[in-house]
Amino acid sequence: MSDIIQLLPDHVANQIAAGEVVQRPASVVKELLENAIDAKAGYIKLIIKEAGKTLIQVIDDGVGMSVTDARLSFERHATSKIKTAEDLFELNTKGFRGEALASIAAIAHVDLKTKQEQDEVGTEIKIEGSKVLSQEACVNPKGTSISVKNLFYNIPARRNFLKSNAVELRHIIDEFHRVTMAHPGIRFDMYHNGSEVFNLPVSNDRQRIVNIFGGKTNEKLVPIKEETDLVTIHGFVGKPEYAKRSRGEQFFFVNNRFIKSAYLNHAVTAAFEGLLKDKAHPSYFIYLEVDPKSIDINIHPTKTEIKFEDEHALYAMLRSTIKHSLGQFNVAPVLDFNRDASMDTPYEYKSKIAQAPTIEVDRNFNPFKEEKQRTTATSNTQKNYSAFKKEAPGSWENLYTGLESEVSSNDVKQTSFSTVEFESEEQTGSLFETDDKKDLEHHTTYQLRKKYIVTTIKSGMVIINQNRAHQRIVYEELLKSITMASAVSQQLLFPLVLSFSKTEITLLETVKEQLENTGFIFGKLDLGEIEITAIPSVVTEKEVATLLEQLLSDLENEVPDSGFSQTDLLAKSMSKSIAVRSGVELVPEQQRYMANSLFACTEPTITPDNKPTFITLTVDEIDKKF
Ligand code: ADP
Ligand code: MG
């Protein structure tokens with residue numbers, strides 16, 4: 001048999017290598033930003049279109065490249081950063097593999113413009129699928145601009161594998177956060193679809209974190225500091241009371257490189273022992289400086305995992321440093337002497353005219369409400385939709401659950417407990433006021449364990465799961481209002497102001513139109529705050545914050561792609577937040593409403609997540625049991 005082994009042509013090898021380096025638009029962002037940092041840029045601008053699917057551009061004012069280097073930079077294993085294997089142990093640069101540009105150029109349309117300070121003219125190279133289309137002299141300021149268009153244009157499988165814009169944008173923003181947090185001494189801007197998402201001036205660590213995550217972050221941070229021969233630790237941990245259920249803001253940087261480490265994460269969590277509520281995750285921004293010789297960055301192609309020489313010592317040190325800082329913070333308010341005075345004014349506000357401070361008030365407090373409660377509590381008009389939406393589980397009412405079962409269910413309504421239970425009447429627009437009481441009007445309904453609604457049908461009986469049924473009802477209503485833009489809004493007396501990070505706001509913007517179709521009206525959406533002037537009639541003001549938080553986490557985690565499924569995701573997420581929970585008592589009218597509306601649905605049998613909403617028991621089946 002003749003020889004069958006042959007060397008792969010370069011463009012094929014590059015495409016294969018690209019698979020390792022470039023998983024998604026965010027990987028390109030990371031590589032380009034890191035190259036700009038290695039080029040000693042003082043200002044780096046990131047421009048994104050369509051979550052990086054159509055354009056990723058990075059412009060820097062760094063050292064630039066000569067004509068020859070510009071051409072060479074696209075070769076595989078072409079790097080200016082190391083010369084020998086020993087250099088790997090003295091790394092001060094982000095890159096060193098010389099693979100990024102070659103990989104990116106293999107799977108996209110790339111346009112590079114670069115000029116060194118001393119040169120008269122710069123160089124422009126256009127390259128597509130590893131093929132150089134042109135190389136010419138060009139006018140360019142000192143530095144480099146690389147634009148990457150139509151990522152994965154020649155690997156349709158990869159392109160189709162990309163997730164929705166919301167998800168891909170989230171990944172890009174995550175990378176941007178990691179890189180910018182590690183380099184507060186560099187100015188960064190980021191634009192998405194023409195609008196500015198971040199504007200980060202040169203600053204210190206703390207300011208950078210605050211500029212990224214919003215003004216309110218400042219008060220949440222507890223500084224940590226420790227210096228030993230092995231390591232210098234500095235940075236911040238979030239105060240325990242601000243810990244979140246989602247693992248959000250957790251960052252380790254080693255020698256200014258973001259890294260992931262389950263082991264060190266454990267050290268931090270251990271330091272918080274006993275201070276956190278169940279399942280809450282602390283936020284942390286921790287910078288470690290170690291001797292480059294004592295770590296190995298080379299174990300992962302994207303360089304986010306590294307090996308430490310003395311991991312155990314590092315663990316112990318990190319834990320005790322954080323414990324110490326938290327302890328100090330517990331006994332006395334933190335006096336941060338290193339604090340920069342300009343921190344008191346968030347950067348964006350510097351040039352603005354001072355505004356009177358806003359006072360934290362209970363936005364749900366309504367002076368007229370109490371009056372109303374008093375008058376309505378005795379009158380037995382408990383039709384209100386919001387009335388049965390009070391969340392019983394987990395509240396003080398649990399204390400009475402035993403008691404209640406001792407009283408017959410009819411009596412319960414008359415007792416003072418129930419008067420309290422139904423007092424929350426914030427909303428007059430009510431689903432129950434639609435006179436939708438037709439079919440089951442005369443049927444008797446019964447609520448079982450505040451969880452199921454039992455009623456009869458011709459063939460026997462139906463047991464409806466109140467939470468699931470309501471999810472289905474709300475879901476279909478929302479779908480209708482989103483697609484037909486027919487929602488009913490309730491105007492709020494005072495606009496509701498909620499704070500979100502810029503990232504979250506950018507994500508909300510991707511579904512703003514759909515949200516408006518459900519009945520939300522936004523006053524403004526920027527600077528870490530959103531102002532809501534009207535909300536859908538099916539939601540109460542109290543629920544809005546949780547609803548939007550749930551929506552954000554669903555948006556990040558699910559995989560919607562077409563416009564339709566985005567709408568679907570939104571309706572699903574909102575219906576879950578809005579639907580009446582089990583544990584909530586429903587008056588007969590509400591029970592009938594629930595049954596009627598469920599059976600008026602297009603798909604009454606299942607929830608939007610395909611779980612059964614009710615079961616039936618036919619008379620035959622009952623007969624058999626006797
Ligand atoms: P690496 O960063 O691992 O060296 P890359 O493929 O990312 O490999 O880049 C190859 C080379 O191109 C770099 O070593 C550097 O010399 C040059 N280069 C890339 N981007 C820039 C930039 N923005 N400014 C100046 N030089 C750059
Ligand atoms: Mg690089």
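Values below: all heavy atoms of this structure, side chains included; hydrogens, waters and symmetry mates excluded. Every number for a ligand or one of its atoms is a count from 1 in the order of the listing.
By the 3.5 Å distance cut-off applied to N or O atoms, Thr144 is counted among the residues near ligand 1.
For the ligand labelled ligand 1, residue Glu99 lies inside the 4.0 Å heavy-atom shell.
Ile209 has its side chain out of reach of Phe251: every pair of non-hydrogen atoms, C-beta onward, lies at least 4.5 Å apart. Residues His234 and Phe253 form no side-chain contact, since every pair of their non-hydrogen atoms from C-beta on lies 4.5 Å or further apart.
A donor-acceptor distance shorter than 3.5 angstrom exists from the side chain of Gln207 to the backbone of Asn204, with no hydrogens or angles considered. In this structure, the side chain of Asp60 engages the main chain of Thr144 through a donor-acceptor pair within 3.5 Å.
At a threshold of 2.8 Å, the Mg ion (ligand 2) has no backbone or side-chain N, O or S atom of Thr79 nearer than that distance.
The Thr79 neighbourhood of ligand 1 comprises atoms 1 (P), 4 (O), 14 (O), with distances under 4.0 Å to a heavy atom of that residue. Counting atoms of ligand 1 from 1 in the listed order, those under 4.0 Å from a heavy atom of Ser73 are 10 (C), 12 (O). In summary, the atoms of ligand 1 found under 4.0 Å from a heavy atom of Met65, numbered by their order in the structure, are 17 (C), 18 (N), 21 (C), 25 (C), 26 (N), 27 (C). Near Ala100, with a cut-off below 4.0 Å to any heavy atom, the atoms of ligand 1 are 6 (O), 7 (O).
With a heavy-atom cut-off of 4.0 Å, Leu101 touches ligand 1 through backbone and side chain alike. Residue contacts with ligand 1, taken as heavy atom pairs separated by less than 4.0 Å, do not involve Leu32 at all.
Side-chain contact, Ser145 with Gln57: a donor N or O sits under 3.5 Å from an acceptor N or O.
Atom CD1 of Ile233 sits about 14.5 Å away from atom OH of Tyr287, to the nearest 0.5 Å. One distance of note links OG1 of Thr228 with CE of Met317; it measures 4.0 Å at 0.5 Å rounding.
Ranked by closest heavy atom to atom 5 (P) of ligand 1, the top entry among Ile104, Asn35, Leu72, Asp60 is Asn35.
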